[in-house]
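Since the structure comes first, as structure tokens, the remarks are kept for the end.
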Amino acid sequence: MMVCEYKPGLEGIPAAQSSISYVDGQKGILEYRGIRIEELAEKSTFLETAYLLIWGELPSNEELKAFEHEVRYHRRIKYRIRDMMKCFPESGHPMDALQASAAALGLFYSLRDLHNPAYIRDSVVRLIATIPTMVAAFQLMRKGNDPIRPRDDLDYSANFLYMLDEKEPDPLMARIFDICLILQVEHTMNASTFSARVTASTLTDPYAVVASAVGTLGGPLHGGANEEVIQMLEKIGSVENVRPYIEHCLQTKSKIMGFGHRVYKVKDPRAIILQGLAEQLFDKFGYDKFYDIAQEMERVVEEKLGSKGIYPNIDFYSGLVYRKMGIPTDLFTPIFAIARVAGWLAHWKEQLAENRIFRPTQVYNGRHEVTYTPIDQR
Ligand code: CMC
């Protein structure tokens with residue numbers, strides 16, 4: 001058997017063949033099924049982009065209408081899931097609540113029929129439709145309120161924002177939120193997608209696939225970074241404090257949140273679009289002083305770390321956009337999950353089409369021939 005070099009973090013090791021998305025990290029290019037992200041952000045909607053990723057082609061008008069209709073009418077969650085969520089501690093993180101709820105959904109749909117396109121479609125629709133309802137329900141229940149029923153007359157993103165506080169959102173806000181979902185929906189073989197594919201490769205159900213990916217997304221080095229960016233900006237507090245903060249991070253070798261990427265060595269193209277969206281929100285709804293701090297951070301980090309290819313990633317500006325929409329900081333990562341579930345499902349479907357269970361190897365660096373020491377002699 002060929003012996004391969006061990007690469008921590010599997011850097012540069014292909015884990016799958018995929019035609020879902022493509023990144024050129026040197027040029028700052030991201031494509032979904034060959035279409036540039038900038039074009040989709042300008043012209044598409046989240047549900048249309050989700051369809052593109054999962055079924056491989058842009059939908060016709062009728063196909064899109066049918067998909068939107070199905071998602072719209074599957075938004076309600078079962079009362080048993082709601083009752084289960086009511087028992088979650090209000091101090092718990094919404095990502096943990098989401099992971100548990102997504103897994104619990106599988107209890108209701110335990111009949112697995114992975115070779116049946118109708119089963120695949122139903123599962124895709126159900127997960128894309130109910131994940132936002134579960135996120136909004138936990139948000140209200142942890143404040144002691146009843147969840148708000150989805151509104152069938154509102155589009156996907158407007159309905160989610162409505163379910164958070166029973167107010168119909170401003171149309172610009174709803175459109176910008178929808179674009180954010182387009183930007184967060186898919187990104188090649190990142191940690192949570194890898195997790196989804198490994199779980200999918202065991203031929204378990206799609207609820208387990210999504211639940212395992214949600215758990216992976218939550219970590220601060222992955223989707224959880226967007227929350228930490230806002231906490232960092234709060235801690236820095238003023239433009240004058242930026243340089244000393246960054247110098248301190250460099251001296252103590254701690255990571256500056258929202259910067260750096262395994263693949264991008266230039267500014268993440270999604271960060272460029274998000275920065276523009278943040279500016280649109282500031283123009284209409286008022287300035288945020290955190291934006292001055294963020295821009296100064298970008299300047300100082302480029303000066304200090306630009307030569308290493310460390311630039312803002314998607315999480316640097318997404319937090320500022322969500323903050324301006326009045327969304328609580330600990331919902332930023334669950335919102336990332338609302339988007340990314342469609343990407344995970346595209347990978348689930350692709351994995352099933354040519355499945356082989358993931359079973360990598362390891363480089364053993366432990367001991368051999370050790371004798372057992374009885375407990376009273378240890
Ligand atoms: N701040 C300071 N230094 C950094 C940073 C950063 N944010 N990111 C990378 N570096 C340095 C790192 O110290 C190392 O330097 P040296 O070679 O001198 O030891 C070098 O760059 C390579 O870093 P690495 O940690 O080995 O790179 P990685 O590819 O394993 O990690 C990363 C990528 C995203 C985990 C990392 O850049 C990081 O921790 N960033 C901060 C957290 C963050 O913003 N995460 C969101 C990632 S993007 C969206 C997502 O995946 O969800």
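For ligands, and for the atoms within them, numbers begin at 1 and follow the listed sequence.
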Check whether any side-chain N or O of Ser123 sits under 3.5 Å from a backbone N or O of Tyr119 as a donor-acceptor pair, and report yes or no.
yes
Can you list the ligand 1 atoms lying under 4.0 Å from a non-hydrogen atom of [X]?
| X | answer |
| --- | --- |
| Gly223 | 52 (O) |
| Asp315 | 46 (C), 48 (S), 49 (C), 50 (C), 52 (O) |
| Ala225 | 43 (C), 44 (O), 45 (N), 46 (C) |
| Ile314 | 49 (C) |
| His261 | 37 (O), 48 (S) |
| Lys308 | 15 (O), 16 (P), 18 (O) |
| Gly258 | 43 (C), 44 (O) |
| Leu221 | 39 (O), 45 (N), 46 (C), 47 (C) |

Is the shortest side-chain N to carboxylate O distance from [X] to [Y] below 4.0 Å?
| X | Y | result |
| --- | --- | --- |
| Asp178 | Arg175 | yes |
| Arg197 | Glu350 | yes |
| Glu296 | Arg299 | yes |

Would you say Ser254 has any N or O atom under 3.5 Å from an N or O of ligand 1, going by distance alone?
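For ligand 1, there is no N or O atom that lies under 3.5 Å from one belonging to Ser254.
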Report yes if Met257 has an N/O atom closer than 3.5 Å to an N/O atom of ligand 1; otherwise report no.
no
Indicate whether [atom] is within a distance of less than 4.0 angstrom of some protein heavy atom.
| atom | result |
| --- | --- |
| atom 43 (C) of ligand 1 | yes |
| atom 27 (O) of ligand 1 | no |
| atom 1 (N) of ligand 1 | yes |
| atom 31 (O) of ligand 1 | no |

Please report the shortest heavy-atom distance between [X] and [Y], naming the atom on each side.
| X | Y | result |
| --- | --- | --- |
| Cys249 | Ile256 | CB-CG1, 3.8 Å |
| Lys324 | Leu281 | CG-CB, 3.8 Å |
| Glu234 | Phe290 | CG-CZ, 3.4 Å |
| Leu181 | Ala339 | O-CB, 3.4 Å |

Return yes when atom [atom1] of [X] has more than 12 non-hydrogen atoms of other residues, nucleotides or ligands closer than 6.0 Å, and no otherwise.
| X | atom1 | answer |
| --- | --- | --- |
| Lys78 | NZ | no |
| Glu39 | CD | no |
| Asp376 | CG | yes |

What is the nearest protein non-hydrogen atom to [atom], stated with its residue, atom name and distance?
| atom | value |
| --- | --- |
| atom 3 (N) of ligand 1 | Leu305 CD1, 4.0 Å |
| atom 40 (N) of ligand 1 | Phe259 O, 2.9 Å |
| atom 34 (C) of ligand 1 | Gly260 O, 3.7 Å |
| atom 50 (C) of ligand 1 | His222 ND1, 3.2 Å |
| atom 29 (O) of ligand 1 | Arg262 NE, 2.7 Å |

Side-chain donor-acceptor pair under 3.5 Å between Arg323 and Thr329, yes or no?
no
[X] and ligand 1 - part of the residue with a heavy-atom distance under 4.0 Å:
| X | answer |
| --- | --- |
| Val301 | neither |
| Leu250 | neither |
| Ile256 | both |
| Glu228 | neither |
| Ile310 | side chain |

Option whose closest heavy atom lies nearest to atom 13 (O) of ligand 1, chosen from Lys304, Lys253, Lys255
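Among Lys304, Lys253, Lys255, the closest heavy atom to atom 13 (O) of ligand 1 comes from Lys255.
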Worked check of salt bridge (Lys or Arg N to Asp or Glu O under 4.0 Å) between Asp83 and Lys86:
CA-CA 5 Å; Asp83 285 358; Lys86 276 186 190 147; 3.8 Å; yes
For the side chain to side chain contact (heavy atoms under 4.5 Å, CB included) test, which of Glu38, His187, Gln275 pairs with Arg270?
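Of all the options given, the one that passes is His187.
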Hey, does the Lys NZ or Arg CZ of Arg378 hover above the aromatic six-ring of Tyr372, less than 6.0 Å from the centre and inside 45° of the axis?
yes
